[in-house]
Amino acid sequence: MSSLTKSDINRAFSIAPDLSKSQIDEIEKYGVKLSLKPGEYVCWEGDTCGHLPFVIDGLVRVYKVGENGREVTLYRIHPGESCILTVSCILSENEFPAHAVVEEPVQAIGIPAGILADWTNKYEVWRRFAFGMMSSRLGRIIELVDSVTFKRLDIRLSEYLLANSTNDVPLNRTHQDIAFELGSAREVVSRVLKDFEHRNLIFLKRGTIHILDQKGLKNIKKS
């Protein structure tokens, strides 16, 4: 377990510039350096949250599994971010309601739950951080629920492809990966992708998707 550096703290905590020297000292005192490999779980559904991780490097996917076994991605935690559900669990003393898994090698700073609760009670800067993050993430989750509930899958899929494609670089995603992102079944996603390919909007190759007609994908929502 390595000690924390000033660089670690600045990269992990977006509010670092707003913290006093004594508050930075407290992070150095109580923070724990964490290293996690892809595929490792930060939290399982039903866990008690003992720490709040602040990501220095890497990527964590937070997702929910339905009774039918389908997954839907709620959000991802990038460098400089933390987890709204963990904050909520710590402050409400409830269990973690989803799964959080490492996608890219993670370096993070873990703050013990009791310390975080104490900081939130004592310091305005930490209260603003906690409630600001919850507000921001809640907006994203509401958009996700609205999309899953009310938008046609072909529109959601076209938006996903456009949002994740870069110029002429093929998108490296399996149909199952996309189904997890959109909260759908792999078979349904495959059917819609095949339809896109039939319309010459994309070209499918094992594990990759080539965008052929961005304008055509954008126009799907108008059909």
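- Rounding to the nearest 0.5 angstrom, the gap separating the CZ atom in Arg173 from the CD1 atom in Ile209 is 8.5 Å.
- Taking every heavy atom of both residues into account, Val87 and Ala130 meet most closely at CG1-CB, 4.1 Å.
- Between Ile9 and Glu28, the closest heavy-atom pair is CD1-CG, 3.5 Å.
- To the nearest 0.5 Å, atom CD1 of residue Ile211 and atom CG of residue Leu161 are 4.5 Å apart.
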Task: From CA spacing to verdict: side chain to side chain donor-acceptor pair (under 3.5 Å), Asp177, Thr174 - done: CA-CA 5 Å; Asp177 291 336; Thr174 67; 3.1 Å; yes

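- Within the model, atoms CG of Leu162 and NZ of Lys218 stand 6.5 Å from one another, a figure rounded to the nearest 0.5 Å.
- Under a hydrophobic clustering in which Ile, Leu, Val, Met, Phe, Trp and Tyr are joined whenever their side-chain heavy atoms come within less than 4.5 Å, directly or via other members, Val101 and Leu85 fall into different clusters.
- For the pair Asp47 (side chain) and Cys43 (backbone), a donor-acceptor distance under 3.5 Å is absent.
- Of all heavy-atom pairs spanning Gln107 and Ser35, the tightest one is NE2-OG, 2.8 Å.
- From Leu144, atom CG reaches atom CD of Glu181 across 9.5 Å, with rounding to the nearest 0.5 Å.
- Atom CD of Glu124 sits in a crowded spot, with more than 12 heavy atoms from other residues, nucleotides or ligands closer than 6.0 Å.
- If you chain together hydrophobic residues whose side chains sit under 4.5 Å apart, Tyr41 and Val72 never meet in one group.
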- [ ] List the steps, then state whether side chain to side chain contact (heavy atoms under 4.5 Å, CB included) holds for Glu26 with Tyr123.
- [x] CA-CA 12 Å; Glu26 286 187 274; Tyr123 303 125; 2.7 Å; yes

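- Arg11 places no side-chain N or O within 3.5 Å of a backbone atom of Gly80 that could act as its donor or acceptor partner.
- Using a distance-only test at 3.5 Å, with no hydrogens or angles considered, a donor-acceptor pair links the side chain of Asn121 to the main chain of Ala117.
- Follow the hydrophobic side-chain contacts under 4.5 Å out from Leu74 and you never reach Trp44; the two are in separate clusters.
- The pair Arg152-Asp154 meets the salt-bridge criterion, with a side-chain N (NZ, NE, NH1 or NH2) lying under 4.0 Å from an Asp/Glu carboxylate O.
- To the nearest 0.5 angstrom, Ile109 atom CD1 is 7.5 Å from Thr5 atom OG1.
- Residue Ile56 comes nearest to Ala12 through the heavy atom pair CG1-CB, 3.7 Å, listed as atom of the first residue, atom of the second, then distance.
- Cluster annotation: Leu171 and Phe180 are assigned to distinct hydrophobic clusters (Ile/Leu/Val/Met/Phe/Trp/Tyr, side-chain heavy-atom contacts under 4.5 Å, transitive).
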- [ ] Take Tyr75 and Glu81 through the side chain to side chain donor-acceptor pair (under 3.5 Å) test and state the conclusion after the steps.
- [x] CA-CA 11 Å; Tyr75 53 86; Glu81 297 179 345; over 6 Å; no

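- Taking the six-membered ring where the residue is Trp, His210 and Phe203 present tilted rings, their angle falling between 30° and 60°.
- When only modelled atom types and interatomic distance are considered, Glu45 and Tyr63 share no side-chain donor-acceptor pair under 3.5 Å.
- By the rule that hydrophobic residues join a cluster once side-chain heavy atoms approach within less than 4.5 Å of another member, Phe13 and Leu59 end up as members of separate clusters.
- Comment: Asp118 engages Lys122 in a salt bridge, judged by a side-chain N to carboxylate O separation of less than 4.0 angstrom.
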TODO: Would you please test His99 and Lys64 for side chain to side chain contact (heavy atoms under 4.5 Å, CB included) and show each step?
DONE: CA-CA 6 Å; His99 300 283; Lys64 186 78 175 171; over 6 Å; no

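- Ion pair Glu159/Arg156 not flagged as a salt bridge, since none of the NZ, NE, NH1 or NH2 atoms sits closer than 4.0 Å to an Asp/Glu carboxylate oxygen.
- Nearest heavy-atom pair, His175 versus Ser190, reported as atom, atom and distance to 0.1 Å: ND1-OG, 2.6 Å.
- In this structure, Arg199 is not positioned above the aromatic face of Phe196 in the sense of NZ or CZ being under 6.0 Å from the six-membered ring centre and within 45° of the axis.
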- [ ] Go through the steps to decide whether Val42 and Leu34 satisfy the test side chain to side chain contact (heavy atoms under 4.5 Å, CB included), and finish with yes or no.
- [x] CA-CA 10 Å; Val42 182; Leu34 306 172; over 6 Å; no

TODO: Might you work through the side chain to side chain donor-acceptor pair (under 3.5 Å) test for Arg61 and Thr73, ending with a clear yes or no?
DONE: CA-CA 7 Å; Arg61 174 179 174 246; Thr73 300; 2.8 Å; yes

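- When every heavy atom of Val62 is checked against every heavy atom of Cys83, the shortest pair comes out as CG2-SG, 4.4 Å.
- Side-chain contact annotation: Ser7 with Asn10, donor-acceptor N/O pair under 3.5 Å absent.
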Open item on the list: Using side chain to side chain contact (heavy atoms under 4.5 Å, CB included), reason through Val189 and Leu193 one step at a time and then give a plain yes or no.
Closed with: CA-CA 6 Å; Val189 168; Leu193 287 172; 3.8 Å; yes

- [ ] Take Glu103 and Arg76, measure what salt bridge (charged side-chain N to carboxylate O under 4.0 Å, His left out) needs, and give me the verdict at the end.
- [x] CA-CA 9 Å; Glu103 287 193 322; Arg76 284 180 169 81; 2.7 Å; yes

Task: Verdict with supporting geometry, Phe129 and Phe54, ring-ring contact (aromatic ring centres under 6.0 Å, His included) - done: CA-CA 12 Å; Phe129 163 77; Phe54 290 81; 5.6 Å; yes

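- Between the CD1 atom in Ile220 and the CD1 atom in Ile155 there is a gap of 8.5 Å [rounded to 0.5 Å].
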